[in-house]
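Residues: numbered from 1 along the sequence shown.
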Amino acid sequence: MNRNRLLDLFVSNLATAVVHKVLERAIDQPEITEKYYKEVKNSWEIAKNYRAKINPVNKALPSRDIAGLRTKIITKVKAELNLRIAKGYTNIDISLVEGLVDDSLKGLGVVS
């Protein structure tokens, strides 16, 4: 697979994980929260696998890549959360997105 395709798959899975983290915090019903937690865990593992295939593996990505990835992820997450809000979801805090994205990028070794 080429690097751009890997980056796109990485962005999509990480965005899904962040969306479900925000939704998990918005819901107070344990049975639904558990499903969001499982989705976060699954998407996180898939994103981690794609990150392992993107070079350089053991170092942070070049700064030009980081800025673009961060912007793409934040845009995808906010778009999905806005769709969920339009569908009637409540208690969604969009202000959490940037912090969660930054933490996720650090956690996956994209940012040093």
Side-chain angles (χ1 to χ4, degrees):
M1 233 184 259
N2 72 22
R3 188 168 190 276
N4 289 335
R5 180 73 176 136
L6 287 172
L7 287 172
D8 287 343
L9 292 168
F10 172 75
V11 165
S12 295
N13 282 285
L14 191 55
T16 300
V18 173
V19 165
H20 286 91
K21 279 183 189 180
V22 173
L23 292 174
E24 182 180 19
R25 292 180 182 188
I27 301 296
D28 59 351
Q29 298 173 357
E31 60 277 354
I32 296 174
T33 303
E34 184 178 323
K35 290 180 191 254
Y36 286 144
Y37 174 76
K38 287 179 183 177
E39 186 61 35
V40 168
K41 187 176 175 184
N42 183 41
S43 295
W44 180 264
E45 288 301 316
I46 294 170
K48 193 160 66 169
N49 289 335
Y50 284 123
R51 172 59 185 111
K53 295 177 183 181
I54 299 169
N55 290 327
V57 175
N58 299 324
K59 295 188 237 174
L61 293 176
S63 58
R64 62 177 165 30
D65 287 342
I66 294 170
L69 289 176
R70 183 177 183 278
T71 302
K72 283 182 186 179
I73 294 167
I74 290 171
T75 302
K76 278 183 172 266
V77 171
K78 286 184 177 181
E80 179 61 29
L81 291 175
N82 284 325
L83 284 173
R84 302 279 179 121
I85 290 169
K87 289 180 182 177
Y89 285 53
T90 57
N91 298 330
I92 294 176
D93 187 2
I94 293 182
S95 67
L96 296 172
V97 172
E98 291 187 26
L100 289 172
V101 169
D102 290 339
D103 292 344
S104 297
L105 290 173
K106 286 178 188 171
L108 289 172
V110 174
V111 180
S112 55

Next item on the list: Evaluate the side-chain proximity of V40 to E24: yes if any heavy-atom separation is below 4.5 Å, no if none is.
Entry: yes

Item checked: Smallest separation among heavy atoms of T16 and S43, with atom names -> CG2-OG, 3.3 Å

Notebook entry, point to check: Looking only at heavy atoms, which two atoms of A47 and L108 are closest? And how far apart?
Noted result: CB-CD1, 4.2 Å

Item checked: Residues K38, E34: salt bridge by 4.0 Å N-O rule -> yes

Note to self: With a sphere of 6.0 Å drawn around CG of N58, does it hold more than 12 non-hydrogen atoms of other residues, nucleotides or ligands?
What the structure shows: no

Check: Among N42, I46, I73, D8, whose side-chain contact (heavy atoms from CB on, under 4.5 Å) with N13 holds?
Finding: I46

Next item on the list: Please check if the side chain of N82 supplies one atom and the backbone of K78 the other of a donor-acceptor pair under 3.5 Å.
Entry: yes

Next item on the list: Give the cluster check for I94 versus L23: same hydrophobic cluster or not, with ILVMFWY residues linked at side-chain heavy-atom distances below 4.5 Å.
Entry: yes

Notebook entry, point to check: To the nearest 0.5 Å, what is the distance between CG (L96) and CG (L81)?
Noted result: 9.5 Å

Notebook entry, point to check: Would L105 and L14 satisfy side chain to side chain contact (heavy atoms under 4.5 Å, CB included), going step by step from the backbone distance to the final call?
Noted result: CA-CA 9 Å; L105 290 173; L14 191 55; 3.7 Å; yes

Next item on the list: Without swapping roles, check the side chain of R51 against the backbone of I54 for a donor-acceptor pair under 3.5 Å.
Entry: yes

Next item on the list: Answer yes or no: is there an ion pair linking K35 with E39, defined by an N-O contact shorter than 4.0 Å?
Entry: no

Margin query: Checking D102 against V111 for the side chain to side chain contact (heavy atoms under 4.5 Å, CB included) test, could you report, in this order, the C-alpha distance in whole Å, the side-chain angles of both residues, the deciding distance, and whether it holds?
Written below: CA-CA 8 Å; D102 290 339; V111 180; over 6 Å; no

Next item on the list: Determine whether Y89 and I32 fall in the same hydrophobic cluster, where Ile, Leu, Val, Met, Phe, Trp and Tyr are linked whenever their side-chain heavy atoms lie under 4.5 Å apart.
Entry: yes

Notebook entry, point to check: Knowing that exactly one of L6, L69, T75 qualifies, which makes a side-chain contact (heavy atoms from CB on, under 4.5 Å) with V11?
Noted result: L69

Note to self: Pair I27, N91 - check side chain to side chain contact (heavy atoms under 4.5 Å, CB included), show working.
What the structure shows: CA-CA 7 Å; I27 301 296; N91 298 330; over 6 Å; no

Checklist line | Pairwise distance CG(D93) to CZ(R25) - rounded to 0.5 angstrom | finding: 9.0 Å

Next item on the list: To the nearest 0.5 angstrom, please state how far the NE2 atom of H20 sits from the OG1 atom of T33.
Entry: 12.0 Å

Check: Taking 4.0 angstrom as the limit, do K21 and D103 come out as a salt bridge?
Finding: no

Check: Can you hop from I74 to I85 via hydrophobic side chains spaced under 4.5 Å?
Finding: yes

Checklist line | Nearest heavy-atom neighbours spanning T71 and A67 | finding: OG1-O, 2.9 Å

Notebook entry, point to check: Can you tell me how far the CZ atom of F10 sits from the CZ atom of R3, to the nearest 0.5 Å?
Noted result: 11.0 Å

